[in-house]
Amino acid sequence: MPRAIFLPAFAMVVLTLVVWLRMYTTRIAQMKRERIHPQAVATSAQAAARLTDSRAADNFRNLFELPVLFYLALVVAAVAGLATDATLALAWLFVLLRVVHSAIQCSYNKVMHRFQAYLAGSVVLWVLWAWLAYLLFLR
């Protein structure tokens, strides 16, 4: 089980790579199609003004917010020997919900659907941390 705790982290890295590839292809395609010079989007403000489809870029940034706490939770679980079945189940559930969130945001981007996936993933993350705290300090 100790190594298994890192599989959800690798899955999140793959998700991040997929979103990065989507962002890259979407941006390059628009820049070529509209003949936007790279220097014209040198800052985030310039990019926001010129590049109309920011869904993948927005999602890519999201993958470096709450998931940072997820990665840390997995390291804590591994180092402290807390890679239980419950820990692993919570980790995989978080990954699944982030995949759903990313799929929504990178495609049709309905805010309430995206928010529900985000909220569910956030709750799972906080439960994961509560579970780790319980195992570390109360058990």
Side-chain angles (χ1 to χ4, degrees):
M1 178 86 71
R3 288 186 185 174
I5 197 64
F6 293 112
L7 292 175
F10 280 106
M12 284 294 296
V13 170
V14 169
L15 173 62
T16 304
L17 173 62
V18 168
V19 171
W20 178 82
L21 289 169
R22 170 111 168 112
M23 178 183 67
Y24 177 82
T25 58
T26 302
R27 284 185 170 188
I28 296 301
Q30 183 181 0
M31 290 173 72
K32 284 182 177 179
R33 188 174 54 254
E34 297 177 16
R35 295 189 173 133
I36 299 171
H37 189 277
Q39 198 59 43
V41 291
T43 67
S44 58
Q46 290 170 321
R50 299 291 301 270
L51 301 173
T52 55
D53 187 355
S54 66
R55 293 174 297 181
D58 294 341
N59 188 253
F60 187 72
R61 278 189 298 280
N62 289 167
L63 290 170
F64 291 94
E65 294 172 354
L66 280 183
V68 170
L69 293 173
F70 170 73
Y71 293 122
L72 179 60
L74 298 186
V75 170
V76 168
V79 170
L82 306 175
T84 66
D85 288 339
T87 306
L88 197 55
L90 288 166
W92 279 115
L93 183 55
F94 178 80
V95 171
L96 173 66
L97 290 165
R98 290 309 297 203
V99 167
V100 169
H101 176 268
S102 292
I104 293 168
Q105 189 166 23
C106 290
S107 62
Y108 69 98
N109 202 23
K110 177 102 174 166
V111 173
M112 286 311 296
H113 294 170
R114 192 178 84 215
F115 175 71
Q116 290 167 342
Y118 171 82
L119 181 61
S122 298
V123 168
V124 168
L125 181 61
W126 302 131
V127 169
L128 174 60
W129 273 103
W131 173 245
L132 292 175
Y134 167 76
L135 293 176
L136 274 172
F137 304 114
L138 301 175
R139 188 169 120 181

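Nothing fancy with the numbering, it's 1 onward along the sequence.
- If you take OG on Ser107 and CZ on Arg22, they are separated by 7.5 Å, rounding to the nearest 0.5 Å.
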task: Start with the C-alpha distance between Arg55 and Asn59, add both sets of side-chain angles, then the distance that settles side chain to side chain contact (heavy atoms under 4.5 Å, CB included), and finish with yes or no.
output: CA-CA 6 Å; Arg55 293 174 297 181; Asn59 188 253; over 6 Å; no

message: Between Asp58 and Asn109, does the side chain to side chain contact (heavy atoms under 4.5 Å, CB included) criterion hold? Intermediate values first, please.
response: CA-CA 11 Å; Asp58 294 341; Asn109 202 23; over 6 Å; no

- prompt: Yes or no on side chain to side chain contact (heavy atoms under 4.5 Å, CB included) for Trp131 and Thr84, after CA distance, side-chain angles and deciding distance?
  reply: CA-CA 10 Å; Trp131 173 245; Thr84 66; 3.3 Å; yes

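- Between Arg98 atom CZ and Ser122 atom OG the span is 7.0 Å, to the nearest 0.5 Å.
- Judged as a side-chain contact (heavy atoms from CB on, under 4.5 Å), and not counting sequence neighbours, the contacts of Leu69 are Leu66, Leu125, Trp126, Trp129.
- Other members of the cluster containing Ile104 are Val100, Tyr108, with ILVMFWY side chains joined at under 4.5 Å, either directly or via other members.
- A distance of 13.5 Å separates CE in Met112 from OH in Tyr118, rounded to the nearest 0.5 Å.
- Arg50 contributes atom CZ, which lies 11.5 Å from atom OG1 of Thr43 (distance to the nearest 0.5 angstrom).
- Grouped with Val41 in one hydrophobic cluster are Met31, Ile36, Leu51, the linkage being side-chain heavy-atom contacts under 4.5 Å among Ile, Leu, Val, Met, Phe, Trp and Tyr residues.
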Return all side-chain donor-acceptor pairs below 3.5 angstrom for residues 6-17, not counting sequence neighbours, or 'none' if the list is empty.
unit_1, atom_1, unit_2, atom_2, d
Thr16, OG1, Met12, O, 2.8

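- Atom CZ of Arg33 is surrounded by more than 12 heavy atoms from other residues, nucleotides or ligands within 6.0 Å.
- With contacts defined as side-chain heavy-atom distances shorter than 4.5 Å, the pair Asn62/Val19 does not qualify.
- The ring-ring contact (aromatic ring centres under 6.0 Å, His included) pairs that include a residue from residues 24-58 are Trp20-Tyr24, where partners are two or more places apart or lie in different chains.
- Note that the CG atom of Leu88 and the CD1 atom of Ile5 stand 5.0 Å from one another [nearest 0.5 Å].
- The closest side-chain heavy-atom distance from Val76 to Leu136 is below 4.5 Å.
- For Gln39, the CD atom is loosely surrounded, since the number of other residues' heavy atoms within 6.0 Å does not exceed 12.
- With values rounded to the nearest 0.5 angstrom, Met23 atom CE is found 9.0 Å from Leu21 atom CG.
- The two residues Leu132 and Thr87 have their closest heavy-atom pair at CD2-CG2, 4.1 Å.
- Hydrophobic clustering (side-chain heavy atoms under 4.5 Å, transitive across Ile, Leu, Val, Met, Phe, Trp, Tyr) keeps Val18 apart from Ile28.
- Closest heavy-atom contact between Ser102 and Leu63: OG-CD2, 4.1 Å.
- Residue pairs meeting the ring-ring contact (aromatic ring centres under 6.0 Å, His included) criterion with at least one partner in residues 62-90, sequence neighbours excluded, are Phe60-Phe64, Phe70-Phe94.
- Remark: side-chain polar atoms of Gln105 are not paired, donor with acceptor, to backbone N or O of His101 under 3.5 angstrom.
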